[in-house]
Amino acid sequence: MIAPGGAGRAGPLAALLAALLAALLAVAGCAGTGAAAEDERAGASGGAGAGAGAEEIIRRAADLLAESGTSQAHTAMHMASGGTRITIHGEGGFDYAERVGELRVTLPEGEPVTEIFVPGLLYMKNRGAGVPADKWVRVDIASLPDGNLVTGGATDPITAAELLRGVRTADDLGEATVHGETLRHFRGVTDIAAAAEATRSEHSRRQLSAALDGFSETEVPFDAFLDDRGLLRKVRHQFSYAGDAAGVDVASTVTLHDFGVPVAVALPEAGDVYAGAVA
């Protein structure tokens, strides 16, 4: 059960996005923080599951993830405007049966922010902007103009998988080596509106529907890497954010590993949720 008290609207994360975009523009002229070189070497075979077969495999990814139990997650969000780039990393764990998780998100400047994801809500600690360091900010995800697909600095694994339910096209590019493992590489385009219609979760439907106005394009290119069970191991979405006149492209990557490890997510007590105004 979600503890009452201190619920936020769009302000806290809108301010965070503004800060991230400001940081992006402030470092103009420098090279990107640089995502680590990714080990994604395509195999010789390709296209074996192209077309409808590949699309059906991708649509099933969210259901298979929900059945997988738990995993650890690494997130990387690369934001680019013109020749300027910044990168935000996150590490944590998720319980897919309970649809909850926690990430420690490292921003370009300042202390890491702890984020707790529960259906319909996001809790943030070390938020800054006048919030005491020992307090949490609570935000209704559906109140955000992008449904928190990017403004929290990470696309959580549950939402990343739910987005794939809206797949429009997909091609099977064959085997690829990712971090030393042989996975199947799929490339295609999903659609936020179609994903909102296809999801089986009412919370995900509200979240994805809220995101429709936040992006200049609702069609989202993706690369997905699945193991031989069809389990999602890595997915990268390419968003075009509509909230900045200069245009911001956001590549959001989620990598999943250590399936089945215990994941415990403790929600903040009501007294630990900040009830004051957030700058």
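Keep in mind that the numbers below use all heavy atoms, side chains included, and drop hydrogens, waters and symmetry copies.
Both Leu103 and Phe259 belong to a single network of hydrophobic side chains, linked directly or stepwise wherever heavy atoms of I, L, V, M, F, W or Y lie under 4.5 Å apart. Under the 4.5 Å side-chain heavy-atom criterion for grouping Ile, Leu, Val, Met, Phe, Trp and Tyr, Val189 is not connected to Leu226 through any hydrophobic cluster. Leu231 and Ile57 fall within the same hydrophobic cluster, defined by Ile, Leu, Val, Met, Phe, Trp and Tyr side-chain heavy atoms under 4.5 Å apart, directly or through other members.
Here the side chains of Asp134 and Asp272 are not in contact, with every heavy-atom distance at 4.5 Å or above. Side-chain contact between Leu267 and Ile116 is present, with at least one heavy-atom pair separated by less than 4.5 Å. Side chains of Asp172 and Arg187 form no contact here, defined as non-hydrogen atoms less than 4.5 Å apart.
In this structure, CG on Asp258 lies 9.0 Å from OG1 on Thr70, to the nearest 0.5 angstrom. Between the CG atom of Leu121 and the CZ atom of Arg138 there is a distance of 6.0 Å, given to the nearest 0.5 Å. Note that the OG1 atom of Thr255 and the CZ atom of Arg236 stand 9.0 Å from one another [nearest 0.5 Å]. The CG atom of Asp146 lies 11.0 Å from the CG atom of Leu212; values are rounded to the nearest 0.5 Å. The CE atom of Met79 lies 11.5 Å from the CZ atom of Phe239; values are rounded to the nearest 0.5 Å.
Between Asp140 and Arg206 there is a salt bridge, since at least one side-chain N of the basic residue sits less than 4.0 Å from a carboxylate O of the acidic one. Salt bridge status for Arg99 with Glu162: present, with a side-chain N to carboxylate O gap under 4.0 Å. Under a 4.0 Å N-O distance rule, the pair Asp63/Arg200 qualifies as a salt bridge. Using a 4.0 Å cut-off between charged side-chain N and carboxylate O, Arg168 and Asp191 make a salt bridge.
The environment of CZ in Arg205 is crowded: more than 12 heavy-atom neighbours from other residues, nucleotides or ligands sit within 6.0 Å.
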- Show the numbers, then the answer: is there a side chain to side chain donor-acceptor pair (under 3.5 Å) between Tyr96 and Ser71? CA-CA 8 Å; Tyr96 302 113; Ser71 82; 2.6 Å; yes
- Audit row: Phe186, Phe222, ring-ring contact (aromatic ring centres under 6.0 Å, His included) steps and yes/no: CA-CA 8 Å; Phe186 295 84; Phe222 70 85; 8.6 Å; no
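At a cut-off of 3.5 Å, with distance as the only test, a side-chain donor of Glu91 or His74 sits close to an acceptor on the other residue. In summary, the side chains of His78 and Thr87 do present a donor paired with an acceptor at a separation below 3.5 Å, with no hydrogens or angles considered.
Note on ring orientation: taking the six-membered ring where Trp is involved, the planes of Phe94 and Phe117 are tilted (angle from 30° to 60°).
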